[in-house]
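One structure below.
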Protein chains: 2
Amino acid sequence: MTNMTIYDISEKAGVSIATVSRVLNGSNNVSEKTKKKVLDVINQYEYTPNAFARGLGLNSMNTIGLMCADSSDLYLAKAIYYIEQLLRANGYDSILCCSGYDLESKEKAMDVLISKKVDSVILIGSNYIYEKDEDNKYIVDAAAQVPVMLLNAAFDAPNVYSIVSDDFTSMYEATTQMIHSGISDILYFYNSTSYSGKRKLAGYRTAMEEHGLLKSGNLMQFYSGSHEDIHAMGSQLEKAAEKGLSFHGVIAADDNLALGAVKYAQNAGLRIPEDLAIVGYNNSLLTTCCTPELTSIDNKLETLCQHLITTLMGVLTGNEMPKKTIFSGEIISRGTTFSK
Amino acid sequence: MTNMTIYDISEKAGVSIATVSRVLNGSNNVSEKTKKKVLDVINQYEYTPNAFARGLGLNSMNTIGLMCADSSDLYLAKAIYYIEQLLRANGYDSILCCSGYDLESKEKAMDVLISKKVDSVILIGSNYIYEKDEDNKYIVDAAAQVPVMLLNAAFDAPNVYSIVSDDFTSMYEATTQMIHSGISDILYFYNSTSYSGKRKLAGYRTAMEEHGLLKSGNLMQFYSGSHEDIHAMGSQLEKAAEKGLSFHGVIAADDNLALGAVKYAQNAGLRIPEDLAIVGYNNSLLTTCCTPELTSIDNKLETLCQHLITTLMGVLTGNEMPKKTIFSGEIISRGTTFSK
DNA sequence: ATTGGAGATGAAAGCACTTACAATATTACC
DNA sequence: GGTAATATTGTAAGTGCTTTCATCTCCAAT
């Protein structure tokens with residue numbers, strides 16, 4: 001922690017700097033005797049090698065770039081937390097970069113991280129993959145420099161690894177379950193058409209189609225997924241109902257939207273779940289805030305993160321790792337739906 | 001973005017590397033003509049200087065260490081978000097380190113950040129300052145290396161800067177307001193005795209004392225402040241009520257605890273606010289999840305963060321800056337209290 | 001006693017920048 | 001046109017590590 005250099009240590013220990021460097025890096029080409037001698041000096045003076053010089057020599061400072069649209073988003077914040085913990089446990093540090101949701105900002109953020117010489121970039125969230133391939137160029141470019149890890153999105157390119165949850169199946173099952181509970185007019189309430197957004201929607205559609213219940217009027221998009229807008233979400237449902245849209249169930253693409261539906265039901269004096277059953281997505285802490293509490297789909301974020309880090313560590317040590325991994329989610333039943 | 005060095009650029013531009021370095025660092029000792037010439041080459045080849053070599057030469061990589069107990073905590077996550085944005089706007093990047101709540105982990109986390117050669121460390125949250133001075137040694141040590149910024153805590157030491165909200169006054173006013181609304185048996189529900197925890201409590205005590213209403217039995221501590229425990233929080237209140245404790249108001253030290261009180265009231269069939277008025281703290285998104293919505297104290301986090309960064313930037317450029325700044329909070333009245 | 005080879009060590013050349021200082025070019029002024 | 005002052009540029013010495021390669025030590029095998 002002092003400002004000594006490797007030269008000071010080598011002098012005090014009576015060895016060359018090469019030897020000090022070797023014990024610093026755990027090389028086994030050092031005799032036990034001199035290793036101990038050097039370590040003693042290092043501990044005595046609380047010497048810490050200069051990280052920049054180390055970085056220059058090794059071309060790495062053991063840092064990983066974490067990118068997400070908004071680190072204050074409930075779900076993303078949890079992911080950041082898990083990932084940071086896991087990385088540090090593996091000897092890596094995290095440099096965080098909130099990119100926002102537009103492509104240009106993402107490209108800029110990516111440049112920042114790459115120019116910081118991170119060992120890898122982890123893109124947290126399904127909004128980093130675009131329809132058009134040219135819009136994903138910034139990812140391909142980054143992957144030419146360092147491995148790129150995607151959480152909740154998948155993209156097939158060299159040096160890009162994807163960890164996703166099976167959103168399609170989760171939504172398919174949630175929808176099927178609601179149909180089986182006797183509800184046939186189910187609204188799908190969503191905001192994003194991101195990678196996972198599309199798969200969720202497809203899960204709903206497939207389940208509805210299989211029962212001959214799909215009506216295009218029951219797909220309702222809201223412009224935002226932000227918590228601040230839950231009242232506006234509620235209003236939108238209210239207006240739709242006033243205009244004659246009839247629905248006794250809402251499947252929402254995330255918990256904020258589901259909470260909007262709860263707000264709507266409460267304002268309209270509807271009983272939950274008798275008059276309106278509601279399912280959310282992400283199983284965030286929002287689920288336990290409202291009354292009744294919210295049924296939601298848990299996509300096993302911690303497991304996804306663990307697997308992501310395992311994969312990344314494998315890649316960084318030069319191992320062949322799977323390019324895409326899929327995990328199943330789970331429906332957590334609470335008060336806003338009928339128990340099976 | 002390529003792997004060129006300053007030598008390549010100097011060669012292609014027909015100047016020395018010193019000149020390239022000068023334009024890279026915005027030195028004004030370069031003629032416009034050569035500056036343009038060099039910039040053209042840099043842009044043409046998309047050259048980015050090697051961050052490690054730069055760090056070694058400048059002894060800085062323009063990164064700031066962000067430390068918080070748990071980045072997935074609602075309030076801390078918001079702080080991280082604001083700070084990261086502001087830092088990046090000022091040309092700095094953030095390396096994130098979630099320290100947990102125990103001292104030893106914090107010391108370790110601090111070592112990690114310092115050894116990464118950050119330009120400053122920002123401690124986010126009131127739990128970084130301890131009663132005993134020896135427990136704050138890790139901060140003093142860190143401050144010997146780089147400026148240390150405290151958000152929501154204050155500590156007087158060289159090179160340590162504190163940005164706090166006036167928790168005492170906020171709590172004093174919230175309590176006074178509740179008393180004036182006609183409630184005299186007000187429970188104080190808290191978990192932490194951190195820097196701001198103590199000040200909040202003092203605000204409540206002072207207000208109650210001034211009205212001769214303070215009863216020590218009305219101070220109720222809960223072991224955790226975590227959202228997962230809201231049901232347990234509710235149970236604790238329920239048990240206390242069953243044992244004969246009477247209260248018609250709850251002032252909670254944060255929104256999670258307040259939500260616990262809401263859960264209790266709902267389970268016990270109490271009307272809010274008629275039978276039980278509730279005030280939370282932090283004005284987090286939890287406030288709008290429950291019904292009725294939660295009155296809470298907003299401590300102007302964004303303002304605090306802005307001021308913190310302003311102060312930090314001043315310090316880093318060698319200016320004299322105030323060691324401690326205090327901002328007022330504001331009570332946001334919602335449905336869990338009587339409107340004034 | 002001799003040789004070969006493994007294991008331990010050191011000298012020195014990177015790594016890609018910054019910057020003090022010296023050298024040169026340019027301008028200003030008489 | 002000459003000189004001093006100033007603006008611009010280059011040389012070279014850091015910055016603190018890693019690592020290759022050569023050297024040296026030591027011991028087992030012959």
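No hydrogens, no waters, no symmetry mates; every other heavy atom, side chains included, goes into these values. Here is the naming used below: chain letters follow the sequence lines, and residue numbers restart at 1 for every chain.
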Listing request: all salt bridge (charged side-chain N to carboxylate O under 4.0 Å, His left out) pairs with a residue in [range], at least two apart in sequence or in separate chains.
{"range": "residues 141-158 of chain B", "answer": "B:Lys137-B:Asp141"}
{"range": "residues 88-97 of chain A", "answer": "A:Glu84-A:Arg88, A:Asp93-B:Lys116"}
{"range": "residues 50-63 of chain B", "answer": "none"}

Could you pull out all residues at least two apart from [X] that satisfy side chain to side chain contact (heavy atoms under 4.5 Å, CB included)?
{"X": "B:Lys33", "answer": "B:Ser31"}
{"X": "B:Ser120", "answer": "B:Ile64, B:Pro147, B:Met149, B:Leu312"}
{"X": "B:Ala13", "answer": "B:Val15, B:Val38, B:Val41"}

With a non-hydrogen cut-off below 4.0 angstrom, is [X] in contact with a base, only sugar-phosphate, or nothing?
{"X": "B:Asn25", "result": "sugar-phosphate"}
{"X": "A:Ser21", "result": "base"}
{"X": "A:Asn28", "result": "sugar-phosphate"}

### Task
Could you state the atom-to-atom distance from CG of B:Asn29 to C1' of C:dA23 in whole Å?
15 Å
#### Entry: Separation of atom CD1 in A:Ile42 from atom P in D:dC17, rounded to whole Å
10 Å
### Task
On the 0 to 90° scale, with breaks at 30° and 60°, tag the A:Tyr128-A:Tyr138 ring pair as parallel, tilted or perpendicular.
tilted
### Task
Taking ring-ring contact (aromatic ring centres under 6.0 Å, His included) as the test, write out the residues that go with B:Tyr7, two or more places apart.
none
#### Entry: Residues within residues 32-41 of chain B bordering DNA chain D, heavy-atom distance below 4.0 Å
B:Thr34
### Angle of first-five versus last-five pair axes in the helix from C:dA1-D:dT30 to C:dC30-D:dG1, to 10 degrees
40°
### Query
With A:Glu302, which residues qualify under salt bridge (charged side-chain N to carboxylate O under 4.0 Å, His left out), at least two apart?
none
### Query
Among all residues two or more places apart in sequence or in another chain, which pass the salt bridge (charged side-chain N to carboxylate O under 4.0 Å, His left out) test with B:Glu131?
B:Lys198
### Message
Counting primed atoms plus P, OP1 and OP2 as sugar-phosphate and everything else as base, spell out the protein contacts along nucleotides 11-16 of chain D at 4.0 Å heavy-atom distance: B, S or - for each nucleotide, 5' to 3'.
### Response
B---BB
